[in-house]
There are 4 protein chains.
Amino acid sequence: MINQVTLVGRLTKDPEVKYTADGRPFLNMTIAVNRPYRNQQGVAETDFIYCTVWNKSAENTAKYCQKGSLVGVLGTIQTRNYEDKEGKKIYVTEVSVHTVRFMDKKRSDSSELLPILTIP
Amino acid sequence: MINQVTLVGRLTKDPEVKYTADGRPFLNMTIAVNRPYRNQQGVAETDFIYCTVWNKSAENTAKYCQKGSLVGVLGTIQTRNYEDKEGKKIYVTEVSVHTVRFMDKKRSDSSELLPILTIP
Amino acid sequence: MINQVTLVGRLTKDPEVKYTADGRPFLNMTIAVNRPYRNQQGVAETDFIYCTVWNKSAENTAKYCQKGSLVGVLGTIQTRNYEDKEGKKIYVTEVSVHTVRFMDKKRSDSSELLPILTIP
Amino acid sequence: MINQVTLVGRLTKDPEVKYTADGRPFLNMTIAVNRPYRNQQGVAETDFIYCTVWNKSAENTAKYCQKGSLVGVLGTIQTRNYEDKEGKKIYVTEVSVHTVRFMDKKRSDSSELLPILTIP
DNA sequence: TTTT
DNA sequence: TTTT
């Protein structure tokens with residue numbers, strides 16, 4: 001079982017961190033990813049992909065990104081469903097993001113420049 | 001701009017090819033992908049991911065797969081919207097699939113064993 | 001900057017954990033990945049991809065896999081170089097693996113069935 | 001069997017198309033991908049990943065990119081071996097690229113803005 | 001043999 | 001509800 005998503009695109013809005021009831025940071029954002037080809041009518045299209053970012057990555061995204069920022073996003077597709085006010089079942093598909101790369105930043109000011117262990 | 005999805009999971013139903021108005025084959029399927037970890041309540045969860053397969057891959061999937069078949073799927077996330085009967089805008093997120101790997105087949109009977117050019 | 005690799009293939013040997021000087025577990029393995037198409041001569045080819053697995057994933061791989069096991073592998077391509085005995089520079093490209101999925105195991109006995117937090 | 005690589009990084013040199021004996025265009029390039037974290041010594045590292053691009057993508061890469069261009073690369077890891085002048089077997093691991101995205105170009109002048117069919 |  |  002494999003479930004892996006890689007996106008590079010731009011934030012449609014300024015991001016904002018929220019917290020779960022038990023205090024975990026998260027952030028909802030939509031990534032605009034332009035398709036590489038025009039459609040049959042010659043129109044350049046864009047996918048607007050709904051993402052939830054978790055934990056430290058959520059905090060860093062809020063700190064380093066704004067509307068229009070170019071980001072790389074690594075995550076998984078998740079599905080869930082709920083009932084709306086009329087009792088109708090709504091199915092939601094979204095990307096749960098574990099890693100965000102800040103792609104218009106230079107390397108030196110990236111928020112994720114933290115120590116890791118070396119390969120021996 | 002990058003938009004790439006890799007899934008390995010099982011078909012929830014027997015697949016069935018359909019054709020667009022202008023004759024292009026396609027196939028809708030849902031892939032069940034078990035999550036690798038249990039949730040906080042100790043429950044093993046599954047994502048049910050809605051996919052559309054195109055062209056020759058659609059025909060091969062119908063030919064070689066059935067409910068329960070293990071497949072690898074390469075594609076992109078696409079979003080679209082339409083208005084339901086009450087005029088409410090519905091937003092849909094799905095995976096548009098360009099390649100399917102048949103993973104419970106042995107190599108010798110794979111439907112995709114066609115010639116390609118060699119690396120010089 | 002994005003660097004992401006997804007492989008599904010089989011171990012060419014029984015895996016064996018080793019430890020770095022400072023005690024970190026790691027494991028070297030080669031994954032055989034059959035190409036989906038035959039080459040111009042009609043021959044079915046296979047790529048033998050050298051991987052290094054780290055930490056807990058290394059220990060689990062040794063515990064749950066053997067020669068021939070089907071695994072999914074998530075990681076990054078890494079390059080390094082060293083000088084051989086004759087002082088010639090050797091360039092090495094390998095996959096540094098952070099996650100291994102055990103794909104011939106049923107879900108119930110997967111080694112990675114550990115608790116995670118739920119999505120709110 | 002799955003073999004998928006996604007990279008975003010910069011060309012280390014001006015690219016140049018070559019042709020196989022039977023006339024197929026190809027192009028060798030090295031992509032510099034900066035690692036997101038510093039190593040234990042506090043040094044920011046980079047992987048230099050050797051790639052071969054094929055066909056139309058090779059021609060477009062030569063046309064639209066130069067040393068330092070930011071590209072997204074989709075492909076597979078391939079391995080091969082040959083004997084050097086002293087009869088020693090040399091093992092090579094490289095990325096065979098099927099798609100290149102030109103990431104410092106604006107959408108309007110991308111070389112890959114060609115028609116595709118629409119989703120019905 | 002290495003890019004910003 | 002959409003970005004360059």
Side-chain angles (χ1 to χ4, degrees), chain A residues 7-16 28-36 43-52 61 65-73 92 94-95 100-110 113, chain B residues 1-3 77-83 88-93, chain C residues 1-3 77-83 88-93, chain D residues 7-16 28-36 43-52 61 65-73 92 94-95 100-110 113:
Chain A
L7 304 173
V8 177
R10 294 185 183 279
L11 300 208
T12 61
K13 287 196 192 170
D14 288 346
E16 193 185 341
N28 294 315
M29 64 181 184
T30 298
I31 303 292
V33 184
N34 299 323
R35 296 195 188 163
V43 177
E45 293 176 298
T46 298
D47 293 294
F48 294 96
I49 301 170
Y50 191 78
C51 297
T52 303
T61 301
C65 296
Q66 55 235 36
K67 182 177 174 177
S69 293
L70 184 68
V71 294
V73 147
V92 180
E94 61 200 5
V95 175
V100 179
R101 296 274 135 80
F102 308 122
M103 303 193 61
D104 21 52
K105 302 287 170 189
K106 285 282 180 298
R107 178 145 76 169
S108 48
D109 57 2
S110 159
L113 275 203
Chain B
M1 301 286 137
I2 302 255
N3 181 342
I77 299 183
Q78 297 199 343
T79 57
R80 60 189 168 87
N81 59 74
Y82 63 91
E83 294 190 4
K88 203 184 147 202
K89 229 173 190 177
I90 306 293
Y91 294 86
V92 180
T93 298
Chain C
M1 302 286 137
I2 303 255
N3 181 342
I77 298 183
Q78 297 199 343
T79 56
R80 60 189 167 87
N81 59 74
Y82 63 91
E83 294 190 4
K88 204 184 146 200
K89 229 173 190 176
I90 305 293
Y91 294 86
V92 179
T93 298
Chain D
L7 305 173
V8 177
R10 293 186 183 279
L11 300 208
T12 61
K13 286 196 192 172
D14 288 345
E16 193 184 341
N28 294 315
M29 64 182 183
T30 298
I31 303 292
V33 184
N34 300 324
R35 295 194 188 164
V43 177
E45 293 175 298
T46 298
D47 293 295
F48 293 97
I49 301 169
Y50 191 78
C51 297
T52 303
T61 301
C65 296
Q66 56 234 35
K67 183 177 173 177
S69 293
L70 185 68
V71 293
V73 148
V92 179
E94 60 200 4
V95 175
V100 178
R101 296 274 136 79
F102 308 121
M103 302 192 61
D104 20 52
K105 303 285 170 189
K106 288 279 180 300
R107 179 144 74 169
S108 48
D109 57 2
S110 160
L113 275 204

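Lettering follows sequence order; numbering is per chain, from 1. Keep in mind the model is a prediction, meaning the values are calculated, not measured.
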A:I31 CD1 - F:dT1 P separation (whole Å): 19 Å

Main-chain N/O of D:S69 paired to D:D104 side chain as donor or acceptor, under 3.5 Å: no

Distance, rounded to the nearest Å, where D:K13 contributes NZ and E:dT1 contributes C1': 5 Å

D:P15 to D:Q66 - nearest heavy-atom pair and separation: CD-CA, 3.8 Å

Side-chain (A:D14) to main-chain (A:K67) donor-acceptor, under 3.5 angstrom: yes

Whole-Å gap separating C1' (E:dT2) and CD (D:E45): 15 Å

Upstream residue (5' side of DNA chain E) when C:Y91 and D:R10 are each assigned their closest nucleotide: C:Y91

Between C1' of E:dT3 and CD1 of C:I77, the distance in whole Å: 17 Å

Integer-rounded Å distance: F:dT4 C1' and D:F102 CZ: 18 Å

Closest listed nucleotide, where the reference is the side chain of A:T12 and the choices are E:dT2, F:dT2, E:dT4: F:dT2

A:T46 side-chain proximity, nearest of F:dT1, E:dT4, F:dT3: F:dT3

Distance in angstrom units between A:D47 CG and F:dT3 P, rounded: 15 Å

No-H, no-angle donor-acceptor pair, A:T30 side chain to F:dT2 base, under 3.5 Å: no

Donor-acceptor contact present, side-chain C:T79 to main-chain D:F48, <3.5 Å: yes

Closest listed nucleotide, where the reference is the side chain of C:K89 and the choices are F:dT3, E:dT1, E:dT4: E:dT1

Interatomic distance where CG belongs to D:L7 and P belongs to E:dT2 [whole Å]: 19 Å

Value in whole Å for how far the P atom of E:dT1 lies from CD1 of C:I90: 12 Å

